[in-house]
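Everything below concerns the one structure shown next.
Numbering of ligands and ligand atoms starts at 1, following listing order. Starting from 1, each residue takes its place in the sequence as its number.
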Amino acid sequence: MGRRAKAVVCRELNKPIVVETVEVESPRRDEVMVKIDACGVCHSDLSATNGTIPLPPPSVLGHEAAGTIAEVGEGVTDVAVGDRVMISWIAICGKCRFCVEGRPALCDMSARATITLPDGTSRLKDADGNSLHHFAGVSVMAEYATVHKDNVIKLEVDVEADKAALVGCAVMTGVGAVLNTARVEAGSSVLVIGSGGIGLNAIQGAALAGAEKIIAVDMEDKKLAFAQTFGATHTINPKTDGDPVAKVLELTGGGVDYAFECIGRASTIEQCYNAIRKGGTAVVVGVAPLTEQVTLGAFMMPFTEKVLTGSMYGSGRPRVDFPRLLALYKANRLKLDELVTATYSIDEAPRAFEDLQSGANARGVIVF
Ligand SMILES: NC(=O)c1ccc[n+]([C@@H]2O[C@H](COP(=O)([O-])OP(=O)(O)OC[C@H]3O[C@@H](n4cnc5c(N)ncnc54)[C@H](O)[C@@H]3O)[C@@H](O)[C@H]2O)c1
Ligand SMILES: [Zn+2]
Ligand SMILES: [Zn+2]
């Protein structure tokens, strides 16, 4: 039947987002409609509005949410109306070599499902009947969202929606980069550049892994205070403390074992590579603009055996990792409550985006 829903729409690049009433089509085969209860505001949503992530508007934003199943399409058996779910934003074909190897974040289908559902079509229309894109293949910054059944993971523990929502991006991405992508060992030294929603989760992932030194870098002292709450043992603000690479080399006597870039800038990716020790690993989590290039000294590469890698969605396997992350939260070993430093109504979404840009929050969450 379809439903009308208030939604956060990117109409035009480099313009503020707008809240509009859109039409969300009922689920087709293998799809579900979710009544969204909470949706986090991630830097990737902002990056979709300014061309950093180059996707064409108009689109409904949002990829970090929790909600309740409102309708199920044909062929859906693993969730039913009324079930609580978290949203995962990766498309999973289940057949490509990456899916089969247990690396669904690299699924070959994901390139197609960035502005549509996995079948290449949209379930979203604006008030004039024009089709809207699905950002990140989901579009969950809206009262209702129709998504593929593989984009919902049943929420089987008692967790409030605003906290559960964050598992679907910030927590999976940040903690996963440390535990799944880099596989940080106990006793390691870790650098995290950028202490926003993603970086704070890399920091708490490093703490979970038993890292000895956890050095957080951010331009905002407020973020560095959050970083300490999440387990940072040392903090560096380049505005007052100078070159972070020199500081890290000094603190560690030659470089960290692991560095995580959680901003999305070429210069900080270079800092991560330059701050790791011989044989260390630098992990790029931040999504830099398409036009940026990284410059690294070539001569020393063979002599240092450093590893530079990316991390997509924390190398996540949502059906394995989401329940595991929630179990850690329930055991008081993973912080979710402290991540939510502000909540907004959907009508306040423009302010939530302004606050993300100005760095006011650990994570801001829209609650419905
Ligand atoms: N790889 C993935 O799968 C994945 C998933 C989600 C988000 N991301 C990306 O991760 C990045 C971070 O997202 P977020 O939601 O945490 O953003 P955020 O805005 O919450 O955090 C970014 C932080 O970086 C700090 N910062 C900015 N410039 C800096 C500099 N030069 N030096 C030190 N600190 C600086 C800011 O003060 C802020 O605290 C974005 O690029 C986002 O697109 C990647
Ligand atoms: Zn995100
Ligand atoms: Zn696949």
What part of S311, side chain, backbone, both or neither, has a heavy atom within less than 4.0 angstrom of ligand 1? backbone
Examine the side chains of N180 and S315 and answer whether a donor and an acceptor come within less than 3.5 Å of each other. no
Please state which protein non-hydrogen atom is closest to atom 25 (C) of ligand 1 and give its distance, to 0.1 Å? D218 OD2, 3.2 Å
Shortest non-hydrogen contact from L117 toward V147: CD2-CA, 4.2 Å
Suppose we measure from atom 15 (O) of ligand 1 to each protein heavy atom; which comes out shortest, and what is that distance? R363 NH1, 2.7 Å
Treating Ile, Leu, Val, Met, Phe, Trp and Tyr as nodes and any side-chain heavy-atom pair under 4.5 angstrom as an edge, say whether M141 and V85 lie in one connected cluster. yes
Taking only non-hydrogen atoms of G197 and a 4.0 Å limit, the atoms of ligand 1 in range are 16 (O), 20 (O)
Looking only at protein heavy atoms, which one is nearest to atom 34 (N) of ligand 1, and what is the separation? I263 CD1, 3.4 Å
Element-labelled atoms of ligand 1 that are located less than 4.0 Å from some non-hydrogen atom of G194: 24 (O)
Taking the cut-offs as 6.0 angstrom to the six-membered ring centre and 45 degrees off its axis, would you call K335 and Y329 a cation-pi pair? no
Would you say K222's side chain and A360's backbone share a donor-acceptor pair under 3.5 angstrom? yes
Nearest heavy atom to atom 1 (N) of ligand 1: which of V285, I193, T173 does it belong to? V285
Do any N/O atoms on I198 end up under 3.5 angstrom from N/O atoms on ligand 1? yes
Atom 31 (N) of ligand 1 has as its nearest protein heavy atom R265 NE, 3.7 Å
Please work out which of I90, V283, V287 has its closest non-hydrogen atom nearest to atom 9 (C) of ligand 1. V287
Heavy-atom nearest neighbour in the protein, as seen from atom 17 (O) of ligand 1, with distance rounded to 0.1 Å: H43 CB, 3.1 Å
Under a 4.0 Å heavy-atom limit, does F226 contact ligand 1 with its side chain, its backbone, both, or neither? neither
Inspect the contact between R277 and D257 and indicate whether a charged nitrogen and a carboxylate oxygen are less than 4.0 angstrom apart. yes
Show me which atoms of ligand 1 lie under 4.0 Å from any heavy atom of C169. 5 (C), 6 (C)
Salt bridge or not between K35 and D37? Use side-chain N to carboxylate O under 4.0 Å. yes
The option among G286, C262, G174 carrying the non-hydrogen atom nearest to atom 12 (C) of ligand 1 is C262
Check for me: within less than 2.8 Å of the Zn ion (ligand 2), which protein N/O/S atoms show up? C42 SG, H63 NE2, C169 SG
Pair E143 + K6, salt bridge at N-O below 4.0 Å: no
W89 vs Y313 aromatic rings, parallel, tilted or perpendicular, using cut-offs 30° and 60°? tilted
Quick look: K223 vs ligand 1, heavy-atom contacts under 4.0 Å, and the answer is side chain
Starting from atom 21 (O) of ligand 1, which protein heavy atom do you reach first, and at what distance in Å? G196 CA, 3.2 Å
Tell me whether the rings of F260 and Y258 are parallel (<30°), tilted (30 to 60°) or perpendicular (>60°). parallel
Residue E220 vicinity, atoms of ligand 1 by number, heavy atom under 4.0 Å: 37 (O)
For atom 7 (C) of ligand 1, what is the closest protein heavy atom, and at what distance to 0.1 Å? S44 OG, 3.2 Å
Charged N to carboxylate O below 4.0 Å: is that the case for E12 and K15? yes
State whether a side-chain donor-acceptor pair under 3.5 Å links D162 with T343. no
Please report the shortest heavy-atom distance between M33 and E25, naming the atom on each side. CE-O, 3.6 Å
For M219, which part has a heavy atom under 4.0 Å from ligand 1: side chain, backbone, both, or neither? both
Is the NZ or CZ atom of R103 both under 6.0 Å from the centre of the six-membered ring of F98 and within 45° of that ring's axis? no
Under 3.5 Å between some N or O of ligand 1 and some N or O of W89? no
Would you call E31 and R28 a salt bridge, taking side-chain N to carboxylate O under 4.0 Å as the test? no
Check ion pair D150-R319 (N to O, under 4.0 angstrom): yes
Distance from atom 3 (O) of ligand 1 to nearest protein heavy atom, with residue and atom: Y313 N, 2.8 Å
For ligand 1, which is the ligand I care about here, please tell me if H63 has any N or O atom under 3.5 Å from one of the ligand's N or O atoms. no
Would you kindly say whether D30 and H148 are connected by a side-chain donor-acceptor distance under 3.5 Å? no
Which of the atoms in ligand 1, numbered in the order shown and given with their element, are less than 4.0 Å from a heavy-atom of M312? 3 (O)
Would K163 and E160 pass as an ion pair if we require N to O under 4.0 Å? yes
Only to 10 degrees, please: what angle do the SG atom of C107 and the SG atom of C99 make about the Zn ion (ligand 3)? 100°
